[in-house]
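Remarks on the structure that follows.
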Amino acid sequence: MKVKDKIAIVTGGGGGLGEGIARCLAEEGAHVAVSDYQLDLAEKVAGKVRETGRRAIAIKTDVTSETQVQQMVDTTVKELGGLDIMVCCAGISGFSPAAVPSEDALLIDNIRVEDWDATFAVNVKGVFLCNRAAAPVFRKQNSGRIVNISSVAGRRPSDFLVAYATSKAAVIAFTQSMALLMAPHHVNVNCVCPGIIYTPMWKEGSELLVKVHPALKNSGLGAKEALDMMVQTLIPFKKYQTAEDIGKAVTFLSSSDAEEITGQSLNVCGGMAFN
Ligand code: NAD
């Protein structure tokens, strides 16, 4: 078992990738605090972790709240007995229905400031707050692992996910700086950059995309068909990644196998980062 008896927090743990990460960590021996601002989803995933024989708690946390993030760490240390692994997976696409105009969806003028701010609040400030709250625990014990979930979108341009792509590039940059800050304390800080996984985020995203993207809106394709086409076009392996693929990468970076790896961003994207 790669992370036997380690204690992990997974933010956004009620969602598609968060669930995959929580389950993989548990299968490799970790106890998991499943954190999400949707407590019902977190509770379901915590239940699945318990089925593996590992301990789990569900914590309601909005990662944009400094107070709630601190409570998340304190509760985990108190109820699970410590903290070894912090996985920052909570994120939003920022591609909100209200933000999408009926035409000119690809004009920078039509990116609303409130959507830009909301995207950065969750994807960047949320990651910063969670890393910062875990740091004192990790410094004190002179060990720890942080894995931030970025995206291939943070490595390549996007015409329809501009705020998202920019926020995910920020996660990569933040991870590198955080790795430097934590290196003297023997804490590894890394990123995983997933490709395309069919989670609720992409289900909703593809429905909007097919309505507004100039290359797709008159194509007659349904939302899932359009996303299937993107996968065929953009991903050299020509298939979706899975939550389990991401979970395995996170588990590796959280394990002793990754002892010498820090400040890195691991693409798990079937080669999409090359396109
Ligand atoms: P998802 O929408 O299925 O799950 C996201 C989870 O985060 C949800 O459970 C949601 O409740 C939670 N969340 C949202 N805002 C929150 C907040 N303020 N505080 C706490 N929890 C919050 O999305 P997903 O596809 O599972 O994505 C998870 C992460 O992976 C995100 O950071 C996303 O950017 C990244 N990612 C996803 C893909 C993909 O193809 N699905 C690709 C690359 C990166």
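Read the numbers this way: they start at 1 and go in the same order the structure lists the ligands and their atoms.
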Less than 4.0 Å between a side-chain N and a carboxylate O, is that true for [Y] and [X]?
X: K211; Y: E207; answer: no
X: K2; Y: E27; answer: no
X: D228; Y: K238; answer: no

Report the nearest protein non-hydrogen atom to [atom]: residue, atom name, distance rounded to 0.1 Å.
atom: atom 36 (N) of ligand 1; answer: Y164 OH, 3.5 Å
atom: atom 5 (C) of ligand 1; answer: G91 O, 3.9 Å
atom: atom 23 (O) of ligand 1; answer: M201 CB, 3.4 Å
atom: atom 26 (O) of ligand 1; answer: L17 N, 2.8 Å
atom: atom 7 (O) of ligand 1; answer: G12 CA, 3.5 Å
atom: atom 11 (O) of ligand 1; answer: D36 OD1, 2.5 Å
atom: atom 21 (N) of ligand 1; answer: Y37 N, 3.4 Å
atom: atom 25 (O) of ligand 1; answer: T199 OG1, 2.5 Å

Does an N or O from [X], backbone or side chain, lie closer than 3.5 Å to an N or O of ligand 1?
X: I92; answer: no
X: C89; answer: yes
X: G16; answer: yes
X: G15; answer: yes
X: I197; answer: yes

Test of understanding: given a 4.0 Å heavy-atom threshold, classify the contact between [X] and ligand 1 as side chain, backbone, both, or neither.
X: K168; answer: side chain
X: T61; answer: backbone
X: V122; answer: side chain
X: S150; answer: backbone

I'd like to check which ligand 1 atoms, numbered from 1 as shown, lie under 4.0 Å from a non-hydrogen atom of [X].
X: W202; result: 39 (C), 40 (O), 41 (N)
X: Q38; result: 10 (C), 11 (O)
X: A90; result: 7 (O), 20 (C), 21 (N), 22 (C), 32 (O)
X: I149; result: 30 (O), 35 (C)
X: G14; result: 9 (O)

| request: Kindly identify the option in S151, P200, G195 whose heavy atom sits closest to atom 42 (C) of ligand 1. | output: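 Shortest heavy-atom distance from atom 42 (C) of ligand 1: G195.
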
| said: Judged on heavy-atom distance to atom 18 (N) of ligand 1, which of V152, N148, D62 sits nearest? | reply: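 Checking each option, the heavy atom nearest atom 18 (N) of ligand 1 is found in D62.
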
| said: Any heavy atom of I196 closer to ligand 1 than 4.0 angstrom? | reply: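 It does, in that a heavy atom of I196 comes within the 4.0 Å cut-off of ligand 1.
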
| request: Before giving the answer on side-chain contact (heavy atoms from CB on, under 4.5 Å), spell out for V147 and F252 the whole-Å C-alpha distance, their side-chain angles and the decisive distance to 0.1 Å. | output: CA-CA 10 Å; V147 185; F252 163 67; over 6 Å; no

Pairwise distance [atom1]([X]) to [atom2]([Y]) - rounded to 0.5 angstrom:
X: N188; Y: F138; atom1: CG; atom2: CZ; value: 10.0 Å
X: Q70; Y: R132; atom1: CD; atom2: CZ; value: 8.0 Å
X: C191; Y: I146; atom1: SG; atom2: CD1; value: 11.0 Å

| request: Determine, step by step, whether L129 and V63 satisfy the side-chain contact (heavy atoms from CB on, under 4.5 Å) criterion, reporting the C-alpha distance in whole Å, the side-chain angles of both residues, the deciding distance to 0.1 Å, and the verdict. | output: CA-CA 7 Å; L129 289 176; V63 295; over 6 Å; no

| field | Step-by-step side-chain contact (heavy atoms from CB on, under 4.5 Å) determination, D5 to R54 | value | CA-CA 8 Å; D5 290 330; R54 302 285 98 191; 3.2 Å; yes

Heavy-atom side-chain contact between [X] and [Y] under 4.5 Å:
X: F160; Y: L208; result: no
X: Q71; Y: S65; result: no
X: I197; Y: W202; result: no

| request: Check T64 against A121 and note the closest heavy-atom contact, atom names and distance. | output: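 Heavy-atom minimum between the residues: CG2-O, 3.4 Å.
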
| Can you check whether I7's main-chain N or O pairs, donor with acceptor, with D84's side chain at less than 3.5 Å? |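 Present.
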
| request: Run the numbers on D159 and H213 for side-chain contact (heavy atoms from CB on, under 4.5 Å), then give the verdict. | output: CA-CA 9 Å; D159 57 4; H213 197 289; 3.1 Å; yes

